[in-house]
Student: 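Take a look at the following structure, please.
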Amino acid sequence: MSASLLAQILVYLAAAALAAPLAKRAGLGSILGYLIAGVLIGPFVLGLAGDVEDVGHAAEFGVVILLFIIGLEMQPALLWRMKGAIFGVGLAQVAITGVLLTLAGLALGLEPRTAGVAGFILALSSTALVLQLLEERGLRRGTVGASAFGTLLFQDLAVIPLLAVLPLLGDGHGAEAGGHAASLLAHQPGWIQALGGLGAVAAVVAAGLFLTPPVFRIIARAELREAFTAFALLIVVGAALLMQAVGLSAALGAFLAGVVLSESEFRRELETDIEPFRGLLMGVFFIAVGAGVNLPLVASQPAVIFGLTAGLMALKFAGAFAAAKLFRLPTRDAATSAVALAQGGEFVFVLLTAAIAAALIDGALAGTLTAVVALSMAATPLLLSAWQRLSRPRVETQAPEDNAFEHEAPDAIVAGYGRFGQVVTRLLMAHGLKVSTLDVSVEQIALLKRFGRRTYYGDAARPDLLRAAGAAQARILVIAIDDKEKALQIVETAREMFPNLEVLARAFDRRHAYELLAKGAHVIERETFEGGLAMGAEALKALGWRAYRAERAARLFRRYDERMFEELRELWDDDERFVVAARESSPRMEDLLRADLQLQTHAHVLGADDDSDRRPL
Amino acid sequence: MDGTARTLVILAHPALEQARIHPPLAAAAEATPGVAVRDLYETYPDFAVDAPAEQADLAGYDHLVLQFPFYWYAAPALLKEWLDVVLTHGFAYGDKGERLRCKTLGCAVSTGGGALARQTEGLTAKDVGLLLRPLELTARLCGMRWAEPFIVRDADLTDQAALKRAAAAYSDWLGGLGR
């Protein structure tokens with residue numbers, strides 16, 4: 001690795017590490033922090049950023065990962081339910097906004113073709129920015145999130161025909177349009193390109209369904225965390241590259257791969273492993289956008305640039321708002337979604353390059369538009385904050401938004417879905433409680449799948465996975481795994497990270513039970529105690545005792561043993577004293593049990609006047 | 001449990017979470033000075049009543065109250081089990097069995113509710129006296145003083161205010177057991 005590359009990484013990491021927390025502290029949100037940091041390290045202020053375009057390309061991978069993660073959260077059935085948001089609101093937004101912006105371009109004196117091209121290019125919003133922003137503001141899972149996301153997804157789809165159409169609109173010699181979609185099929189006739197696209201989609205779906213599960217199982221069995229992460233990234237990159245090769249958007253490919261894997265039992269583990277990459281790369285992406293702002297251009301004609309930015313955002317707001325209202329969104333939600341969508345997107349940069357190549361737009365106009373788009377991106381977080389503050393009084397009286405994406409919060413999480421955890425889970429589910437289960441055994445998951453039961457692959461000792469399983473909302477955590485050390489670790493993690501959870505733990509033996517309690521478990525159950533007790537009662541019956549007496553003997557045994565467990569609790573870490581006390585308590589227990597028999601329980605009271613006959617009648 | 005409590009209420013209700021009358025009554029008992037409440041179905045979900053522990057515990061109280069709804073004109077099964085295994089020969093009656101002597105036995109019961117009440121048009125105070133007769137005889141055998149029972153009729157408790165009044169009356173009744 002060369003020193004200059006390392007130096008560049010250092011600059012970006014430093015900017016990311018400092019900017020986001022500082023901006024968040026100042027109430028600006030992390031995105032604005034990244035953008036400002038980008039401007040600061042950019043060529044016109046500190047000049048530390050290096051080749052911004054290269055970094056931007058690398059960082060676009062963050063967007064790809066983001067779409068993959070969103071895909072993971074979106075089961076096909078959910079996606080189907082969103083078709084209205086995608087092809088209704090999304091199509092309407094692009095059409096209305098595109099027309100509005102075209103008219104504005106004409107009014108500003110552009111020639112019709114240029115106005116149309118610029119208008120539809122600018123109609124697209126920034127998937128990366130909007131999704132990150134909605135996530136940050138906790139808006140991604142409600143009505144606003146669903147409608148905005150549908151729109152963004154449609155826009156991502158719209159990039160493809162736009163890229164295809166640009167060269168055709170040009171003067172004919174601009175066939176080599178845009179470096180972004182380096183399609184292998186670019187020179188083929190349209191129907192081959194279409195076939196290629198369909199084939200690539202089919203390949204991603206097939207690979208997701210048939211190829212990945214066995215590989216995941218092999219990796220999980222090998223217990224190599226980094227191999228799992230590597231494979232997860234491999235899936236994303238593979239899907240993205242394949243789609244790009246046939247001229248489709250890489251983000252779309254990643255999204256598709258995510259949707260296919262959303263039904264997989266490895267979903268949670270995938271999500272958790274890949275999430276840090278997304279966060280970091282998205283940060284770098286925004287820094288790159290900030291660094292790309294042409295400050296001298298803005299400074300030379302501030303009135304024009306700021307005026308255009310304001311105009312662009314106003315029209316984009318109007319278009320998105322009209323589209324949302326057309327599909328009967330509540331006014332406040334429609335407005336929030338429209339504010340969030342009122343900026344130019346990252347695809348603008350790509351499409352502008354293509355448009356220049358097709359001689360549809362000249363360099364000067366493209367430069368101006370790039371600056372305007374970057375400024376609109378920077379302005380969006382501020383505007384959304386202002387709008388949220390403005391509309392807040394009514395927000396609080398609103399009923400909670402229905403969750404279009406979110407799964408229902410579980411009542412209980414069961415870690416370890418083996419013989420023990422299954423009994424627990426079945427009892428809870430039989431009573432209509434919602435249970436989220438986790439297991440690390442691939443064989444077990446596969447076996448259960450054959451019986452139609454779902455569980456997720458994942459190590460419950462990891463707080464992020466616990467969170468993904470719903471630990472923040474659940475009321476109890478049942479630790480049902482048979483790994484002593486890991487059980488202790490999970491108790492510790494859960495008590496520390498999720499104080500809301502009541503922790504019930506399966507104990508291997510008495511000593512382990514004490515250790516679990518010391519770590520903060522609320523309830524313990526010794527795994528073999530109940531089984532041994534039941535067998536003891538059966539043994540008494542086999543020896544001729546009547547069932548009720550045997551049963552009662554077992555219950556009393558349980559009670560005395562539990563009492564003794566409590567008494568010896570103070571001594572468990574002192575081996576010597578513990579053994580002595582335990583040995584002393586054993587005959588004491590026998591005395592107690594015999595005493596119960598001698599109490600003549602259930603002796604009939606009718607013969608009470610006659611003290612001599614105290615046997616039950 | 002209050003260390004200075006003189007009165008122990010044994011509460012037997014298999015479905016307390018669905019009940020309307022007994023939770024406020026139990027709460028009133030808890031709040032009455034000198035009264036401790038034992039929720040039998042919560043303490044012994046497996047019906048394995050711990051006789052030695054219960055017997056040792058009873059020694060510390062002067063007044064014993066059995067609080068329950070009528071199930072088939074009698075106390076719920078676990079209360080009967082409690083009587084069966086705790087009031088044993090040699091403890092409660094018979095040779096040297098005088099550990100409950102001179103203590104008070106009182107009953108706090110609810111009647112009526114639902115279809116049964118409509119068909120029988122509820123139970124009169126006299127009916128309740130008849131139904132409690134076995135417990136009265138038990139008290140006599142153990143040499144205990146039989147207190148006039150505390151009876152609430154479901155049909156009378158139509159609203160929150162009536163429930164509140166009943167709870168207050170129960171608290172007064174508990175406080176008056178010694179006199």
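Just so we're on the same page: letters track the sequence lines, and every chain starts at 1.
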Student: Under 4.5 Å heavy-atom distance to chain A, tell me which part of B:Phe91 shows up: side chain, backbone, both or neither.
Tutor: neither
Student: Go through it in stages, so that I can follow the logic: the residues are B:Tyr44 and A:Arg555, the test is side chain to side chain contact (heavy atoms under 4.5 Å, CB included), and I'd like the CA-CA distance, side-chain angles, deciding distance and then a yes or no.
Tutor: CA-CA 10 Å; B:Tyr44 300 113; A:Arg555 288 178 196 165; over 6 Å; no
Student: If you count every heavy atom of other residues, nucleotides or ligands that lies below 6.0 Å from B:Lys164 atom NZ, does the total exceed 12?
Tutor: no
Student: With a sphere of 6.0 Å drawn around NZ of A:Lys519, does it hold more than 12 non-hydrogen atoms of other residues, nucleotides or ligands?
Tutor: no
Student: Looking at A:Arg419, I'd like to know if its CZ atom is crowded, meaning that more than 12 non-hydrogen atoms belonging to other residues, nucleotides or ligands lie closer than 6.0 Å.
Tutor: no
Student: Should we count CZ of A:Arg467 as having more than 12 external heavy atoms under 6.0 Å?
Tutor: no
Student: Considering only heavy atoms and a distance below 4.5 Å, find which of A:Glu551, A:Arg559, A:Arg558 pairs most often with chain B.
Tutor: A:Arg559
